[in-house]
Amino acid sequence: MKRILSCMQPTNRLQLGNYLGALRNWVAMQDEDGGVNECLYGVVDLHAITVPHDKEALANATRETAAAYIAAGVDPKRSYIFAQSAVPAHAQLAWLFTATTPMGWLNRMTQFKEKAGKNKEKASVGLYSYPILMAADILIYKATHVPVGDDQKQHLELARDIAGSFNEKFNCGEEFFPLPEPVITGEATRVMSLRDGTQKMSKSAESDMTRINLTDDADTIAKKIKKAKSDPDALPSNEKECEGRPEADNLLGIYAALSDQTKEQVMNEFGGKQFSEFKPALADLAVEKLSPITNRMNELMADPAEIDAILRAGAEKANELAQPTCDEAAKLMGFWS
Ligand code: AMP
Ligand code: TRP
């Protein structure tokens, strides 16, 4: 049996990259081998406050993120969905790690450099130490597998380093914190912006035209795909022809992931054809696959009390699993009690 853990931040709306790079794989892992895996899916609101946040919007964004998980196929009867802030052991374990992790390890993290931008002095300490809280999110459950998009690879490596170093430093054998395996899989582990194939699609990019949100209606999806940046040439027929054509490569990858094919299969079908033929096909496919999720999300959001009940039940279970690990870790470090 595997123990699966993954999380998303309740910041802005979820976008296609979140779905294809991560959420879809969460559902697949929940259903794998007849559903034997134990799955925990968190909404990491403590991470969301590392950048300026809207106090009025946070709780609802947490509900909406949980609704997106369920709408995409996470089954709250089999998987635990919870808000990170409702499980205090995340923050407790994060402090134990913060106090003992070398700054050099964090200085290597590229995402902080990207997110802090030029104004490093003004970035919060939390944004800097964010990967340590993420390591705590994973290790507090002794998770064995973590399905994420490609951009989280480096953070997962840090979580493995923290686990290994704790096990060694406090002589608790190799097994106290198992080293979590990243699961980065599928044809769209890194979905790129619709307006610039060299930039990652992101919830926080300024222009809404760069991404497809899980809440977009059919017309908006079609419009965004029609306006997506492409190039004047016909679609590539093989990997070699994709070189230097990031936008074509990205749209083919999205088509492949949405249609459960390999990119090669999609190139066999569309290679040599014009974007004017490919884009409407992609728009139809995206609407077909995403609109059931959007509709289900809207239904769920109409009953926030039901989502709150799911989050409460998830937090209860998560607390049961998390607190003993935190207490044990504290004991291994020599604390009184
Ligand atoms: P975030 O939006 O940063 O909370 O990301 C939540 C999850 O979605 C993580 O597993 C990310 O790796 C994944 N993800 C975010 N953006 C993308 C993208 N453009 N392509 C693939 N995966 C992504
Ligand atoms: N850092 C992740 C992101 O921005 C979100 C995250 C927080 C996470 N804690 C996690 C992902 C634990 C996987 C496991 O996408």
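Both counts, for ligands and for their atoms, begin at 1 and track the order of listing. Side-chain atoms are counted along with the backbone in the values below, which use heavy atoms only and exclude waters and symmetry mates.
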Ring geometry between Phe270 and Phe278 (parallel below 30°, tilted from 30 to 60°, perpendicular above 60°):
perpendicular

Neighbouring residues of ligand 2, heavy-atom cut-off under 4.0 Å
Leu5, Ser6, Cys7, Gln9, Val44, His47, Tyr130, Met134, Asp137, Ile138, Val146, Val148, Gln152

Quick one: name the residues clustered hydrophobically with Leu58, using the 4.5 Å side-chain heavy-atom rule over I, L, V, M, F, W, Y, and just say none if it's on its own.
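Under the 4.5 Å side-chain rule, Leu58 groups with Ile49.
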
Checking ring-ring contact (aromatic ring centres under 6.0 Å, His included) between Tyr141 and each of Phe177, Tyr80, Phe82, which is the one that passes?
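When ring-ring contact (aromatic ring centres under 6.0 Å, His included) is applied between Tyr141 and each of Phe177, Tyr80, Phe82, only Phe82 qualifies.
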
Lys229 and Glu247 ion-paired at < 4.0 Å
yes

Run the salt-bridge test on Glu181 and Lys2 with the 4.0 Å N-O cut-off and return the result as yes or no.
no

Show me the pairs that pass side-chain hydrogen bond (donor to acceptor under 3.5 Å, both in side chains) and involve residues 213-225, at least two apart or across chains.
Asp208-Asn213, Asp208-Lys224, Arg211-Asn213, Asn213-Asp216, Asp216-Lys224, Asp217-Thr220

Six-ring centre of Tyr19, Lys289 cation under 6.0 angstrom, axis tolerance 45°
no

Apply side-chain contact (heavy atoms from CB on, under 4.5 Å) to the pair Arg13 and Lys203, showing each step before the final yes or no.
CA-CA 6 Å; Arg13 301 258 142 101; Lys203 308 187 238 165; over 6 Å; no

Are there any protein N or O atoms under 3.5 Å from the N or O atoms of ligand 1? List them with distances, or say none.
| residue | atom | partner | partner atom | Å |
| --- | --- | --- | --- | --- |
| ligand 1 | 2 (O) | Asn18 | ND2 | 3.0 |
| ligand 1 | 2 (O) | Lys203 | NZ | 3.2 |
| ligand 1 | 4 (O) | Gln9 | N | 3.1 |
| ligand 1 | 4 (O) | Lys203 | NZ | 3.4 |
| ligand 1 | 5 (O) | Asn18 | ND2 | 3.3 |
| ligand 1 | 8 (O) | Asn18 | ND2 | 3.0 |
| ligand 1 | 10 (O) | Gly149 | N | 3.2 |
| ligand 1 | 12 (O) | Gly149 | N | 2.9 |
| ligand 1 | 12 (O) | Asp151 | OD1 | 2.4 |
| ligand 1 | 16 (N) | Gln15 | NE2 | 3.2 |
| ligand 1 | 19 (N) | Val191 | O | 2.8 |
| ligand 1 | 19 (N) | Met201 | O | 2.9 |
| ligand 1 | 20 (N) | Val191 | N | 2.8 |
| ligand 1 | 22 (N) | Gly17 | O | 3.1 |

Pick from Lys142, Arg78, Arg3: which one makes a salt bridge (Lys or Arg N to Asp or Glu O under 4.0 Å) with Glu38?
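Of the listed residues Lys142, Arg78, Arg3, the salt bridge (Lys or Arg N to Asp or Glu O under 4.0 Å) partner of Glu38 is Arg3.
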
